[in-house]
Student: 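Pasting in a structure now, in structure tokens, and then I'll have a few things to ask.
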Amino acid sequence: MQRFITDLKRTHSCGQLTKADIGKEVVLFGWVNNRRDHGGAVFIDLRDREGVTQVVFEEDVRPDVHETAEKLRLEYCVGVRGKVVSRGENVNPKLKTGEIEVHASDLEIFNRSEATPFPIEDQVDTAEEKRLQYRFLDLRRAPLQRTLMTRARVNHVTRNYFTENGFLELETPFMVKYTPGGARNFLVPSRLNPGKFYALAESPQLFKQLYMIAGFDRYFQIVRCFRDEDLRLDRQPEFTQIDVEMSFVEQNDIFGVIEGLVCRLWKEVLGVELPRPFPRMPFDESMAKYGNDKPDLRFGMEHQLLTDLVRQHGGGGVPLLQDAVAKGGIVKAMRVPASANFSRTEIDKLEEYVKGMGAKGLARAKVAENGEWTQSPFAKTVTPEMRLPINQVTGAQPGDLILFQFGKASTVHTVMANLRVHLAKRTGLIPEFGSGGQWRFLWVVDPPLFEYDEDSATWQPAHHAFTRPRDQDLPFLETDPGRVYCWRYDLVLNGFEIGGGSIRLHDPEVQARVFKAMGISAEEARNKFGFLLDALRMGAPPHGGIALGMDRLVMLLTGAESLRDVVAWPKTQKGTDLMTGAPGDADARQLRDLYVKSTYEPAK
RNA sequence: GGGGUGUUAGUUAAGUCGGUUAUAACGCCGGCCUGUCACGCCGGAGGCCACGGGUUCGAGUCCCGUACACCCCGCCA
């Protein structure tokens with residue numbers, strides 16, 4: 001007797017057979033996706049990663065096989081041999097294989113299955129907590145199978161693309177020396193070096209620059225990075241980056257290479273031709289219009305900066321605005337068209353929403369037929385001289401609503417940025433995944449090298465110390481740091497930052513000035529980055545690079561709503577793995593070997 | 001660290017003003033059925049209402065706390 005796997009090898013996948021295969025003897029392996037037992041005949045939907053094929057077991061043809069088939073239950077893992085037969089009148093148009101079925105002559109149950117904790121179906125509304133606990137079952141579902149196959153495709157295309165373009169795939173260490181600043185690191189105690197710790201690399205940044213200095217010219221890596229920061233919908237503590245560095249390049253060269261990759265990915269994964277080049281927008285413009293550096297350009301609802309206008313009118317009769325401007329804050333407004341038709345209750349809800357982000361409130365004004373403001377805390381006192389220009393710059397028409405934020409710049413920007421997206425979702429301005437015109441790529445360029453920290457009233461580096469300032473801004477490095485812009489760039493898609501990079505500082509002289517401006521002493525610089533500073537003094541080529549967030553790319557390519565849906569084994573918001581229980585306890589012996597002592601005391 | 005939402009059979013949900021034995025669908029178990037594909041029909045099992053306090057004659061329901069999950073702010077050069 002012939003046995004499955006040893007003698008009977010798989011001939012086809014469950015998504016493969018068509019009417020061209022009618023008459024063939026086939027062997028399929030897979031899982032019981034569904035069963036319909038009609039007594040004399042049992043119908044099974046057999047599933048593997050490629051699809052589903054209907055298998056029929058008939059009592060009067062093979063009573064012994066039929067008897068086994070009666071025992072089949074959902075998610076049993078089986079092998080089937082049989083003949084491909086036309087379904088005749090009974091075609092199932094919903095199935096790729098719906099024109100045929102397999103009439104089984106042999107069946108082996110490799111493994112039975114207990115009742116699964118949730119159904120293995122395409123559309124499942126099981127709590128995510130449960131899905132993550134049984135992730136191996138969640139991953140059996142077709143949508144996640146498709147997503148991970150897309151992810152594999154992205155890996156494959158990326159490797160081909162860079163290899164074809166003269167890039168070398170080179171590795172970098174995960175266990176590195178901790179350098180302060182930037183993201184919080186995960187620490188790994190060193191058993192061989194008591195009291196010392198490795199850090200898990202938050203990015204290969206310094207090593208890829210050293211590859212350039214070593215003369216490797218063009219580097220790429222699809223690499224895991226680790227950051228011990230709080231999680232979000234689009235942030236996991238370990239994530240994958242498409243990391244790139246190139247020698248003898250300027251910003252445009254990097255953009256060309258990356259646009260080439262992105263276009264290839266969209267073409268090969270979605271069959272979409274993206275227009276090139278991608279548009280660019282200065283950082284300052286993005287902050288003014290959208291309140292952040294990752295604007296979603298699929299809809300308008302831009303912000304208007306009213307700070308200067310308010311200042312010109314001495315507050316325009318509104319003490320709150322005057323006060324905000326006088327204290328160095330900013331004033332922003334946004335028009336909500338009358339068609340949004342918000343009720344008083346809904347606007348109150350919006351106010352609660354923005355208060356959750358640190359806003360003091362949500363000042364608003366409804367524009368009347370004559371341009372006057374109603375339903376507004378400003379209505380009584382605002383001067384027409386200021387009101388009219390505000391109506392004009394916001395484009396507010398009678399019936400429209402103007403929403404205001406004022407005060408500390410960072411809060412105003414954050415609140416208005418989130419409000420803009422929130423309102424767009426509420427009013428249906430964001431197109432469904434799969435409809436046309438939804439790929440709005442953008443390069444955000446020319447950010448300042450320093451950002452003003454209102455709390456400490458000092459200029460703080462906005463980026464790492466190896467970003468190259470604009471040559472024409474160098475004179476201001478010591479005198480007016482806020483005027484120094486740099487060769488840094490972010491690639492943005494539909495409101496997500498999917499990549500960021502910079503042209504690096506390769507000139508040791510300028511490097512020294514930047515360190516000084518950043519308040520990093522020569523000793524400190526030597527301590528932290530001595531090896532890189534040495535390297536820069538020994539014939540470092542001009543170079544620059546970028547890193548793309550691979551998980552976010554896949555998330556956007558597949559229309560997934562969360563990064564957790566494109567990561568096979570994701571962590572929860574508290575950084576735990578609900579399936580394995582990580583992170584777990586260490587026993588006393590392990591800790592002693594590592595010279596580590598926990599000070600943690602569980603709450604009573 | 002802060003704000004918000006949620007937690008009821010295996011799963012997804014309902015549960016009114018605080019009041020008798022907590023419902024339904026799917027799944028599961030048993031039986032019947034040869035053209036189903038969300039198969040159908042008959043029968044059955046299945047509950048610490050997340051956990052801990054409190055209010056009350058009486059709590060799934062009201063209050064407080066805790067845990068967990070999710071969303072956001074801070075954080076993420």
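Heavy-atom basis, side chains included; hydrogens, waters and symmetry copies ignored. A note on names: the letters A, B, ... follow the listed sequences, proteins ahead of strands, and every chain is numbered from 1.
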Student: Can a side chain N or O of A:Arg552 be found less than 4.0 Å away from OP1 or OP2 on B:rC76?
Tutor: no

Student: Describe the nucleic acid contact of A:Glu75 in one word from base, sugar-phosphate, nothing, applying a heavy-atom distance below 4.0 Å.
Tutor: nothing

Student: Show me the donor-acceptor pairs, under 3.5 Å and distance only, between side chains in residues 53-61 of chain A and residues at least two apart or in other chains.
Tutor:
residue : atom : partner  : partner atom : Å
A:Thr53 : OG1  : A:Cys14  : O            : 2.7
A:Gln54 : OE1  : A:Arg36  : NH2          : 2.9
A:Gln54 : NE2  : A:Glu101 : OE1          : 2.9

Student: Applying a 4.0 Å non-hydrogen cut-off, can you work out what A:Thr411 is touching in the nucleic acid: base, sugar-phosphate, or nothing?
Tutor: nothing

Student: Using the P atom as the reference point in each nucleotide, state the distance between B:rG60 and B:rG74 in Å, no decimals.
Tutor: 42 Å

Student: At less than 4.0 Å, is any side-chain N or O atom of A:Thr576 found next to OP1 or OP2 of B:rA69? Yes or no.
Tutor: yes

Student: Indicate yes or no: does A:Glu238 engage A:Lys571 in a salt bridge with an N to O separation below 4.0 Å.
Tutor: yes

Student: Holding to side chain to side chain donor-acceptor pair (under 3.5 Å), I want the full list of residues that pass it with A:Asn33, two or more places apart in sequence or in another chain.
Tutor: A:Arg47

Student: Of the candidate nucleotides B:rA77, B:rG35, B:rC72, which contains the atom at the shortest distance from the side chain of A:Gln205?
Tutor: B:rA77

Student: Name the pairs: protein N/O against N/O of nucleotides 46-49 of chain B, kept only if under 3.5 Å.
Tutor:
none

Student: For A:Asp296, check side chain to side chain donor-acceptor pair (under 3.5 Å) against everything at least two apart and list the hits.
Tutor: A:Arg298

Student: Checking all strands, does A:Ala465 fall into the base, sugar-phosphate, or nothing category for heavy-atom contacts under 4.0 angstrom?
Tutor: nothing

Student: Centroid separation under 6.0 Å, is that true for the rings of A:Phe226 and A:Phe239?
Tutor: no

Student: Check side-chain contact (heavy atoms from CB on, under 4.5 Å) between A:Ala183 and all other residues, then give those that pass, not counting sequence neighbours.
Tutor: A:Glu202, A:Arg227, A:Glu229

Student: In whole Å, measure the gap between the C1' atoms of B:rU16 and B:rU23 for me.
Tutor: 14 Å

Student: Distance check: side-chain N/O of A:Arg87 vs OP1/OP2 of B:rC37, anything under 4.0 Å?
Tutor: no

Student: Under 4.0 Å between a side-chain N or O of A:Arg36 and OP1 or OP2 of B:rU36?
Tutor: no

Student: Could you work out, with salt bridge (charged side-chain N to carboxylate O under 4.0 Å, His left out) as the rule, every residue matching A:Glu524, not counting sequence neighbours?
Tutor: A:Lys528

Student: In chain order, what residues pass the side-chain contact (heavy atoms from CB on, under 4.5 Å) check against A:Val510, with sequence neighbours excluded?
Tutor: A:Pro469, A:Leu474, A:Leu505, A:Asp507, A:Val514

Student: Of the options B:rA77, B:rC37, B:rC76, whose atoms approach the side-chain atoms of A:Gln54 most closely?
Tutor: B:rC37

Student: Do you know which of A:Arg504, A:Gln209, A:Gln205 makes side-chain hydrogen bond (donor to acceptor under 3.5 Å, both in side chains) with A:Glu245?
Tutor: A:Arg504

Student: C1' atom, B:rA13 versus B:rU55: distance in rounded Å?
Tutor: 30 Å

Student: Which residues in residues 122-139 of chain A have at least one heavy atom lying under 4.0 Å from any atom of RNA chain B?
Tutor: A:Asp125, A:Thr126, A:Ala127, A:Glu128, A:Glu129, A:Lys130

Student: Using the side-chain hydrogen bond (donor to acceptor under 3.5 Å, both in side chains) rule, collect all pairs that involve residues 113-130 of chain A, keeping only residues at least two apart or in two chains.
Tutor: A:Glu128-A:Arg564

Student: What is the per-nucleotide protein-contact pattern of nucleotides 25-34 of chain B, from the 5' end, where B denotes a base atom under 4.0 Å from a protein heavy atom, S denotes such proximity for sugar-phosphate atoms only, and - denotes neither?
Tutor: --SSSS--BB

Student: With the criterion being N/O to N/O and under 3.5 Å, what pairs connect the protein with nucleotides 2-5 of chain B, and how long is each?
Tutor:
none

Student: Is there side-chain contact between A:Tyr489 and A:Ile254, with heavy atoms separated by less than 4.5 Å?
Tutor: yes

Student: Please determine, for B:rA45, whether a Watson-Crick or G-U wobble partner exists with both distances under 3.5 Å, and give it or none.
Tutor: none

Student: For the pair A:His422 and A:Tyr353, name the ring-plane relationship: parallel under 30°, tilted 30 to 60°, perpendicular over 60°.
Tutor: parallel

Student: Would A:Arg552 pass as a cation-pi partner of A:Phe496, given that its NZ or CZ must be under 6.0 Å from the six-membered ring centre and within 45 degrees of the axis?
Tutor: no

Student: Nearest to the side chain of A:His463 - B:rA77, B:rC76, B:rA69?
Tutor: B:rA77

Student: With the stacking rule set at 5.5 Å and 30°, tell me whether A:Phe43 counts as stacking on B:rU36.
Tutor: yes

Student: With A:Asp138, which residues qualify under side-chain contact (heavy atoms from CB on, under 4.5 Å), at least two apart?
Tutor: A:Phe118, A:Arg131, A:Arg135, A:Arg141, A:Leu144

Student: Reckon A:Thr414 touches a base, only the sugar-phosphate, or nothing at all at heavy-atom distances under 4.0 Å?
Tutor: sugar-phosphate

